[in-house]
Amino acid sequence: MKRTDSSTTPRTRPLSYSLLSLVALARPHAAAFSVALGSLAIGSGINLLFPEIVRRALRPEALPALEQNLMPILLGLAGLFVGQGIVFFLRSYLFGVIGHRVYTDLRERLFEAVLAKDTRFFDRNRSGDLAARINSDAALVQEAVAVKLSVIARYGLQVVCGVVLMAWMSWRLTIAIVLSVLVIVGVSGLFIRGLKSASRRYQTDLARLTSFAAEVFSGSKMVRALGAVRQVSRRYRSMNDDVLAAGRARALMSASFSSGASMLLNLLLLGVLWYGVSLVLAQALPLNELAAFVLYGAIVAVSFSFLVGAYAEVSQSLGGLERVFELLENSATASARLKEGVGQGSRGPLRVTFSGVSFAYPDRVEHRVLSDFSCEMSPGHVTALVGPSGAGKSSVVQLLLGLYELSDGEIRLDGMRLQDIAESDVRRLVAWVPQEPQLFSMSIYENLTLGNDEMLRDDVLKAVSGWDFMDFIEPLEHGIDTTVGEHGALLSGGQRQRIAIARALLRKPALLILDEATSGLDSRTESSVMKAIRHLVPQATVLIISHRLSSVREADFIYVLNDGRVFESGTHNSLSSQQGLYREYVARQALA
């Protein structure tokens, strides 16, 4: 299963790229987006119509008609404002709905993209930080789509149209305004990059804080047992202070940007008014034209002020958007399904072969945990791996599951190289039970059928009732539909292990891997578990990794690992009769 590396190195993209990406998120909702934009254009058009009405009404020759028709004119204006209120409601509602739809789509895409990442990605990233990106960062995108895009579109349209209408009335005044606005835009550009960077720092520090809190809450029992409540509280306060400092820096940058631009624009408007009055006094501009021009200038000034503020807030949102796109990009991809694959056809026991395998974890390439490792697991038999901690046993499992790529050598399943088999085929063929079983806050039944939901409920109940090591389910209030709590917290360690073993057996795998899977079981329960596993053996190959002699002594073949190599191999009886690591291992357990 070939995978691409998932880089977590932050990249700064041009603002235009991020804005286009933001618009692209709303593309699937183009119809609603178009109606919202149409409503926005109508409402903004009514705003721009008002100064023209004033210009016409204040002409000297129009004053008698204005006096005679004042009430109809006022009623007409009231109708315009009512219509404007309706279209602005439609605009706000549609942009809000689009924002929620984008947020929903984005959460699903992020969740699936994160799950598709390779194992190295999860080794390098905290789960709490990833969850924060899906929630808080994506929420910033929702706010940007639902509100800020609407504000930018509305006031951007009013600025452009207002400037055009102003130019139609007085090109001299308009040129003065445009040149001044360009100066303001140039100054604003200096703030944008810093604001975006400050926002990214804030989101990163906040995600780190959220991640730490999630870790502490999930490990609250150990925190209390160690008497470390004050210590972790101090660390949380320190990290919280970092978030506050980043928030202050972002607020300072944002406030300086928006208030500075607004102040410069108001000074500009004052200068334009002075210039306009001088033109009126020189009889180069009619008074009604100046009145309309000033109204348009006010609309443009206010619109530009809101536009700058919205742009600043979008720039802050884009800091979170970049973190979102980092997750969406470079997702790990499974190999293409082979036309002829192990997963097609018969699902009998697999022959597993390791040939000259060497391996080092990606972040510790200088330290090999396996060196020239070779072994064979015969189909329909039980093979055991034993050895001291750090000998490489769990690394064998990680490679066999295809979670990491080999440094050297090859692994074959029934003669086919593991990397040439589609990941979906491997997942269907192999079942793995780790020492610390992963249960989810669902019912026992849902945990048992996780990844195997096509199995009929009656078949599940029949199988489970036949395994006496699952006898703890029946006394529960809701039986097999009892919810187990977060990580199975409402069950004992041994019960969690039994559910994980039952889940693996229900999959009827071609290869069953038990990695210290019975460490939390008493001898009677372990005997019941091994009886059920033995019943499965004719249809599956079984690999057992355990420090417990009772789990490995009945294995058909045993490999003793030390320093990443096969140190000894043979049956329990043959290894026990010769001097070596395994005999010492047996002697220590006998003494215990």
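Heavy-atom basis, side chains included; hydrogens, waters and symmetry copies ignored. All values derive from a computational prediction rather than experimental measurement.
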We want to know whether [X] and [Y] form a side-chain donor-acceptor pair, criterion being a heavy-atom distance below 3.5 angstrom.
X      : Y      : answer
Tyr361 : His367 : no
Tyr404 : Ser395 : no
Arg368 : Ser358 : yes

Once you round to the nearest 0.5 Å, how far does [atom1] of [X] lie from [atom2] of [Y]?
X      : Y      : atom1 : atom2 : value
Leu429 : Lys508 : CG    : NZ    : 15.0 Å
Ser443 : His478 : OG    : NE2   : 11.0 Å
Leu448 : Met442 : CG    : CE    : 10.0 Å
Trp432 : Ile513 : CH2   : CD1   : 8.5 Å
Leu505 : Trp467 : CG    : CH2   : 4.5 Å
Thr383 : Met377 : OG1   : CE    : 6.0 Å

Arg235 atom CZ, neighbour heavy-atom count above 12 within 6.0 Å: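 Not buried by this count: 12 neighbours or fewer within 6.0 Å.
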Crowding at CD, Glu474 (>12 non-hydrogen neighbours, <6.0 Å): no
Residues Asp459, Lys462: salt bridge by 4.0 Å N-O rule: no
Using atom types as modelled and distance alone, determine if a side-chain donor or acceptor of [X] lies under 3.5 Å from a backbone N or O of [Y].
X      : Y      : value
Asp414 : Arg351 : yes
Arg427 : Leu401 : yes
Glu568 : Tyr582 : yes
Arg498 : Phe469 : yes

Partner residues of Asn562 under the side chain to side chain contact (heavy atoms under 4.5 Å, CB included) criterion, sequence neighbours left out: Pro388, Phe567, Leu581
